[in-house]
Amino acid sequence: MSARAIETYREISAAGRIEGAQPGQLIMTLFEELIDCIDNMYGAILSGRPLRRDVARNRADVILMSMETGTNADAGVLSKRMVSIYSGIRALLQRAVVESNVEHIVEARSRLQPIVEAWRAIV
């Protein structure tokens with residue numbers, strides 16, 4: 001299957017999950033997509049595929065920026081902490097690209113994992 005066909009399938013699949021989803025499910029869908037992007041970056045760096053790495057990184061960046069802007073940092077300590085975590089993950093992914101170093105991707109994923117697990121427990 002071609003890369004374009006796979007991407008089209010992913011977009012249709014994501015659209016199907018979004019339609020009619022509850023707010024918590026929408027957030028979980030974003031987290032799942034973010035994890036996919038991070039995993040794709042990891043594989044792309046290891047296999048020396050910079051275009052694939054950059055596409056995944058850009059997609060991850062858009063998701064993380066939307067999470068940052070969608071979090072009310074004035075709502076309290078937890079909200080401020082979440083914005084800081086999202087910003088830190090973005091910085092790690094950028095460093096992974098600049099340095100072509102998967103260790104930054106592993107660190108980004110490990111910072112994200114407890115949040116994803118918490119959302120899974122809620123949803």
Side-chain angles (χ1 to χ4, degrees):
M1 185 178 291
S2 74
R4 183 151 174 79
I6 291 169
E7 185 60 30
T8 301
Y9 172 78
R10 288 182 64 206
E11 288 174 9
I12 291 169
S13 176
R17 288 182 292 167
I18 291 170
E19 191 174 316
Q22 300 297 317
Q25 293 168 321
L26 291 173
I27 293 169
M28 196 63 228
T29 298
L30 283 174
F31 280 125
E32 289 169 352
E33 181 63 23
L34 180 56
I35 289 172
D36 284 346
C37 292
I38 291 170
D39 291 347
N40 286 333
M41 283 183 67
Y42 183 91
I45 288 174
L46 288 179
S47 64
R49 298 179 69 189
L51 180 59
R52 182 174 174 208
R53 176 205 63 204
D54 291 347
V55 167
R57 198 269 178 196
N58 290 341
R59 193 173 189 127
D61 202 46
V62 168
I63 293 169
L64 287 163
M65 283 191 296
S66 70
M67 290 176 160
E68 282 180 57
T69 59
T71 301
N72 181 359
D74 297 327
V77 175
L78 179 59
S79 294
K80 288 179 185 175
R81 180 70 180 131
M82 295 307 299
V83 168
S84 176
I85 290 170
Y86 298 146
S87 177
I89 291 171
R90 284 180 58 221
L92 281 169
L93 295 179
Q94 179 61 31
R95 285 183 64 197
V97 170
V98 170
E99 299 173 14
S100 198
N101 185 338
V102 294
E103 290 177 25
H104 300 305
I105 294 173
V106 171
E107 175 65 22
R109 200 174 197 292
S110 72
R111 289 184 188 183
L112 184 62
Q113 199 60 42
I115 300 166
V116 172
E117 289 172 11
W119 271 103
R120 278 195 184 115
I122 293 170
V123 177

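Annotation: the span from L93 atom CG to L34 atom CG amounts to 7.5 Å, rounded to 0.5 Å. To the nearest 0.5 Å, the span separating CZ on R111 from OG on S84 amounts to 8.5 Å. Separating the CD1 atom in I45 from the NE2 atom in H104 is a distance of 9.0 Å, to the nearest 0.5 Å. If you take CD on Q113 and CZ on F31, they are separated by 10.5 Å, rounding to the nearest 0.5 Å. The structure places CG of L30 at 10.0 Å from CH2 of W119, a figure rounded to the nearest 0.5 Å. Taking CE of M82 as the reference point, atom OG of S87 lies at 12.5 Å (rounded to 0.5 Å).
Side chains of Q94 and R90: no donor on one and acceptor on the other come within 3.5 Å.
Clustering ILVMFWY residues whenever any of their side-chain heavy atoms sit less than 4.5 angstrom apart, transitively, puts I85 in the very cluster that holds V106. Cluster membership check: M67 does not share its hydrophobic cluster with V62, using side-chain heavy-atom separations under 4.5 Å among Ile, Leu, Val, Met, Phe, Trp and Tyr. A single hydrophobic cluster is not seen to contain both L51 and V98; linkage of ILVMFWY side chains at heavy-atom distances under 4.5 Å, directly or through other members, places them apart. I63 and L92 are assigned to two separate hydrophobic clusters, defined by single-linkage of ILVMFWY side chains at heavy-atom distances under 4.5 Å.
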(request) Please step through salt bridge (Lys or Arg N to Asp or Glu O under 4.0 Å) for the pair D36 and R59, ending with a clear verdict. (result) CA-CA 10 Å; D36 284 346; R59 193 173 189 127; over 6 Å; no

(request) Take C37 and E33 through the test side chain to side chain contact (heavy atoms under 4.5 Å, CB included) and record every step on the way to the result. (result) CA-CA 6 Å; C37 292; E33 181 63 23; 3.8 Å; yes

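Between the side chain of S47 and the backbone N or O of G43, at least one donor-acceptor pair lies under 3.5 Å. Here the side chain of T69 pairs a donor or acceptor atom with the backbone of M65 at under 3.5 angstrom.
Between A56 and N40, the shortest heavy-atom distance links the atoms CB-CB, 3.8 Å. Counting all heavy atoms, side chain and backbone alike, A96 lies closest to I105 at CB-CG1, 3.5 Å.
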